[in-house]
Amino acid sequence: MMTWLSEWWDGGTAVIEPAIPRDAARLAQLHSASFHRGWGEGEFEVMLTERNTLVHRLRLGRKIIGFAVSRMAADEAELLSIAIDATQRGRGLSRNLLLTHLGHLAGRGARKVFLEVEENNQPARRLYAWAGFEVVGRRERYYQQPGGEQLNALLMRRDLS
């Protein structure tokens with residue numbers, strides 16, 4: 001099922017739809033550009049074939065500009081990653097992507113969604129708070145930076161039921 005966003009941009013209509021295996025290279029490219037330790041194409045290929053993993057892509061015209069990926073276990077899900085191309089940020093696209101993704105998780109029976117976010121990542125924290133996630137824990141020195149610095153992670157949760 002595709003979700004059409006009501007916004008029109010220069011590249012056409014933004015569409016949220018299930019990702020497919022041939023998207024793996026582009027998803028890996030987006031992830032690497034967004035995070036210090038990017039996931040490789042092979043990691044995305046595996047996730048795209050796992051039954052308990054849900055991956056949505058955000059497409060603008062023919063170009064994939066974002067994605068969201070979660071893994072489910074019983075009635076819980078973990079949002080593993082969400083990313084938007086740096087040139088497309090600040091337009092509300094991540095909000096639409098996240099809400100659509102959460103709706104699909106709920107449709108597959110998820111009642112709670114968890115995630116970890118770098119404590120210093122204010123844009124992500126604002127997005128998650130806006131979407132109804134609450135901080136439920138903290139992991140000290142969870143994220144290892146390229147220069148050796150270790151940053152804290154916040155554990156967040158949202159109930160879907």
Side-chain angles (χ1 to χ4, degrees), residues 1-7 9 11-118 121 123-125 127-128 130-133 139 142-144 146 153-161:
M1 180 181 136
M2 288 191 286
T3 301
W4 299 83
L5 302 181
S6 59
E7 301 294 334
W9 308 111
T13 304
V15 178
I16 299 167
E17 59 197 355
I20 57 176
R22 74 169 182 243
D23 296 334
R26 176 62 179 148
L27 300 181
Q29 184 182 45
L30 284 167
H31 195 274
S32 293
S34 299
F35 300 99
H36 297 295
R37 192 201 84 65
W39 296 339
E41 184 176 345
E43 291 170 281
F44 275 100
E45 288 171 349
V46 169
M47 285 187 279
L48 286 164
T49 61
E50 292 175 327
R51 297 180 82 184
N52 66 332
T53 305
L54 182 64
V55 185
H56 282 102
R57 66 184 183 187
L58 172 62
R59 189 171 45 79
L60 189 58
R62 298 172 123 185
K63 185 174 184 182
I64 297 171
I65 61 165
F67 69 87
V69 58
S70 293
R71 186 165 284 138
M72 295 187 62
D75 65 348
E76 294 182 354
E78 180 182 6
L79 180 63
L80 300 174
S81 190
I82 184 169
I84 301 287
D85 187 299
T87 64
Q88 302 296 328
R89 293 180 189 155
R91 298 180 175 186
L93 294 169
S94 60
R95 289 181 173 197
N96 292 321
L97 176 59
L98 179 58
L99 290 183
T100 298
H101 190 73
L102 294 174
H104 283 271
L105 288 171
R108 289 178 69 173
R111 298 180 62 153
K112 295 177 186 169
V113 179
F114 294 88
L115 62 85
E116 291 156 352
V117 62
E118 185 180 294
N121 187 340
R125 288 182 61 188
L127 171 66
Y128 299 138
W130 172 86
F133 283 86
R139 295 193 168 122
Y142 184 76
Y143 291 107
Q144 181 79 34
L154 297 177
L155 179 62
M156 301 183 82
R157 183 182 92 193
R158 177 181 165 178
D159 294 337
L160 297 178
S161 54

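Worth saying up front: this structure is predicted, and the values here are computed from it rather than measured.
The shortest non-hydrogen separation linking L160 to A106 is CD1-N, 3.9 Å. E43 approaches G38 most closely through the heavy-atom pair OE1-O, 4.4 Å. In plain terms, the two heavy atoms of L99 and A131 that are nearest each other are CD2-CB, 4.5 Å. Between A19 and L48 the shortest heavy-atom distance is CB-CD2, 3.6 Å. Residues G66 and L97 come closest through the heavy atom pair C-CD2, 4.4 Å. A pairwise comparison of heavy atoms in L93 and A14 identifies CD2-CB, 4.1 Å as the closest pair.
Between H104 atom NE2 and I16 atom CD1 the span is 8.0 Å, to the nearest 0.5 Å. One finds the CG atom of L54 at 5.0 Å from the CZ atom of R108 (value rounded to the nearest 0.5 Å). With rounding to the nearest 0.5 angstrom, the NE2 atom of H56 is 7.5 Å from the OG1 atom of T100. Once rounded to the nearest 0.5 Å, the distance linking CZ of R111 with CD of E76 reads 10.5 Å. Interatomic distance, L155 CG to L115 CG, rounded to the nearest 0.5 Å: 7.5 Å.
Under the salt bridge (charged side-chain N to carboxylate O under 4.0 Å, His left out) criterion, D159 pairs with R157, sequence neighbours left out. In this structure T53 satisfies the side-chain contact (heavy atoms from CB on, under 4.5 Å) test together with M47, E50, V55, V69, R71, sequence neighbours excluded. Residues that satisfy the side-chain contact (heavy atoms from CB on, under 4.5 Å) test with R95, not counting sequence neighbours, are L127, W130. With sequence neighbours excluded, the residues satisfying side chain to side chain donor-acceptor pair (under 3.5 Å) with R57 are E17, D23. In this structure P123 satisfies the side-chain contact (heavy atoms from CB on, under 4.5 Å) test together with N121, R126, sequence neighbours excluded.
Side-chain contact annotation: H101 with S70, donor-acceptor N/O pair under 3.5 Å present.
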Dump the intermediate steps for side-chain contact (heavy atoms from CB on, under 4.5 Å) on I82 and Y128, then the final yes or no.
CA-CA 11 Å; I82 184 169; Y128 299 138; 3.2 Å; yes
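Contact of the L105 side chain with the M72 side chain is registered, since non-hydrogen atoms from C-beta on lie closer than 4.5 Å.
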Could you list the donor-acceptor pairs under 3.5 angstrom formed between side-chain atoms of residues 26-35 and any protein atom two or more places apart in sequence or on another chain?
| residue | atom | partner | partner atom | Å |
| --- | --- | --- | --- | --- |
| R26 | NE | I64 | O | 2.8 |
| R26 | NH1 | Q29 | OE1 | 2.6 |
| R26 | NH2 | I64 | O | 3.0 |
| R26 | NH2 | D85 | OD2 | 3.1 |
| H31 | ND1 | W39 | N | 3.0 |
| H31 | NE2 | S81 | OG | 3.3 |
| S32 | OG | A28 | O | 3.1 |
| S34 | OG | L30 | O | 2.9 |
| S34 | OG | R89 | NH2 | 3.1 |

